[in-house]
Amino acid sequence: MKIATYNVNGVNGRLPVLLRWLKEAKPDVVCLQELKAPQEKFPLEAINEAGYQAIWHGQKSWNGVAILSAGAELKEVRRDLPGDAEDLQSRYIEAIVNDMVIGCLYLPNGNPYPGPKFDYKLGWFKRFSEHAKKLLDKGVPAILTGDFNVMPTEKDVYKPERWINDALFREEVREAYKLLVDQGWTDAIRKLYPEETIYTFWDYFRNAYGRDAGLRIDHFLLSPQIEKRLIGAGVNREVRGWEKTSDHAPVWIEIK
DNA sequence: ATGCCCCCGTGCCGGGGA
């Protein structure tokens with residue numbers, strides 16, 4: 001079973017790229033982020049025609065997350081991150097698919113540092129970690145995946161020294177990611193490829209993709225039951241080279 | 001220190017992204 005995550009950077013502007021990738025990669029379950037579309041403008045018909053059912057939580061202009069499933073039933077659990085009724089940003093949606101919890105997240109960017117957006121990022125991270133801990137404590141097979149907006153280590157940045165004070169790499173944020181993983185999650189890409197340089201995002205600026213000046217910020221965190229079933233993982237980096245493409249590439253795992 | 005590129009919309013500029 002193949003599960004993928006893809007920050008599409010506008011689900012309607014990216015629809016041809018998304019449909020082509022679905023057809024070529026044939027993932028069973030897909031988590032999407034940055035829909036940048038209100039609830040009623042999600043392209044459900046095209047996605048149904050591609051063979052997927054979907055649940056999503058849209059928002060005008062920004063954010064927005066979705067979960068797609070090809071065959072297996074998709075049972076929505078929640079469409080918001082618990083812990084702050086005033087937080088109206090669409091950044092989390094969770095479903096049960098094949099008896100697994102699938103959490104699809106779009107963690108706040110947090111720039112500029114310092115400032116209120118950075119504080120919001122740390123607050124969101126804390127709420128997310130509390131929710132993640134509850135999932136582990138329940139002992140259910142779970143996958144948390146999406147755009148974490150964190151490069152976990154220096155290996156995950158083309159030039160770490162340039163990113164020290166960026167909200168994606170600040171020590172507080174890396175520490176928050178480490179604390180989350182240390183609850184008992186496994187970073188799927190690093191489990192299979194501990195030393196490789198692997199990126200999931202390349203800026204539109206400065207020919208970043210051509211220079212391979214990338215970041216690894218889209219992650220798969222697996223609960224112990226899923227980690228035992230992990231048989232493959234990778235990045236469809238060629239998709240980043242397509243016309244009218246997102247600045248992120250799809251990331252996938254295969255479990256037995 | 002900033003723009004580069006690209007998305008979206010109370011749209012032809014500005015905010016946000018990372």
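The shown structure was predicted, so the numbers you read here are calculated from the model rather than taken from an experiment. Labels below follow one simple rule: chain letters A, B, ... track the order of the sequence lines, proteins then strands, and each chain is numbered from 1.
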Sugar-phosphate, base or nothing in reach of P38(A), heavy atoms under 4.0 Å: sugar-phosphate
Flag if over 12 foreign heavy atoms under 6.0 Å of NZ, K133(A): no
Between P of dC7(B) and CG of L32(A), the distance in whole Å: 17 Å
Gap in Å between the two C1' atoms, one belonging to dC6(B) and one to dC12(B), rounded: 15 Å
Minimum-distance nucleotide (side-chain atoms of N9(A) versus dG17(B), dC8(B), dC7(B)): dC7(B)
Distance, rounded to the nearest Å, where R162(A) contributes CZ and dA1(B) contributes P: 14 Å
N63(A) CG to dG9(B) P, straight-line distance once rounded to whole Å: 13 Å
Within-4.5 Å side-chain heavy-atom neighbours: V65(A) and L105(A): no
Residue-phosphate contact under 4.0 Å: K244(A) side-chain N/O, dC7(B) OP1/OP2: yes
Rounded distance in Å - CD (Q59(A)) to P (dG15(B)): 18 Å
Any-strand Watson-Crick or G-U partner of dC4(B), both distances under 3.5 Å: none
Ion pair check, K134(A) and E130(A), cut-off under 4.0 Å: no
Sugar-phosphate, base or nothing in reach of F148(A), heavy atoms under 4.0 Å: nothing
Spacing of the P atoms in dC4(B) and dG14(B) (rounded, Å): 13 Å
Check ion pair D156(A)-R174(A) (N to O, under 4.0 angstrom): no
Most 5' of G13(A) and P108(A) on DNA chain B, judged by nearest nucleotide: G13(A)
Distance between P atoms of dT10(B) and dG15(B) (Å, rounded): 15 Å
Value in whole Å for how far the P atom of dC8(B) lies from CG of L15(A): 11 Å
Span that lies between the C1' atom of dG11(B) and that of dG16(B), in whole angstrom: 16 Å
Heavy atoms of other groups near E196(A) CD, more than 12 under 6.0 Å: yes
Closest listed nucleotide, where the reference is the side chain of R206(A) and the choices are dG3(B), dG9(B), dG17(B): dG3(B)
Sugar-phosphate only, base, or nothing, as touched by D203(A) at under 4.0 Å among non-hydrogen atoms: nothing
dC6(B) OP1/OP2 closer than 4.0 Å to side-chain N/O of K36(A): no
Sugar-phosphate, base or nothing in reach of D147(A), heavy atoms under 4.0 Å: sugar-phosphate
Sugar-phosphate only, base, or nothing, as touched by N149(A) at under 4.0 Å among non-hydrogen atoms: sugar-phosphate
5'-most by nearest nucleotide on DNA chain B - V11(A) or F201(A): V11(A)
Pair R237(A) + D212(A), salt bridge at N-O below 4.0 Å: yes
Between P of dT10(B) and CH2 of W62(A), the distance in whole Å: 9 Å
Spacing of L168(A) atom CG relative to dG16(B) atom P, expressed in whole Å: 16 Å
Shortest side-chain distance from Y204(A), nucleotide among dG9(B), dC5(B), dC4(B): dC5(B)
Side-chain N,O (R14(A)) to OP1/OP2 (dC7(B)) below 4.0 Å: yes
Centroid under 5.5 Å and tilt under 30°, F205(A) to dC5(B): no
Sugar-phosphate, base or nothing in reach of N7(A), heavy atoms under 4.0 Å: sugar-phosphate
Between C1' of dG16(B) and CD of Q89(A), the distance in whole Å: 11 Å
Atom pair CZ/CD of F125(A) and E172(A) - distance to nearest 0.5 Å: 12.0 Å
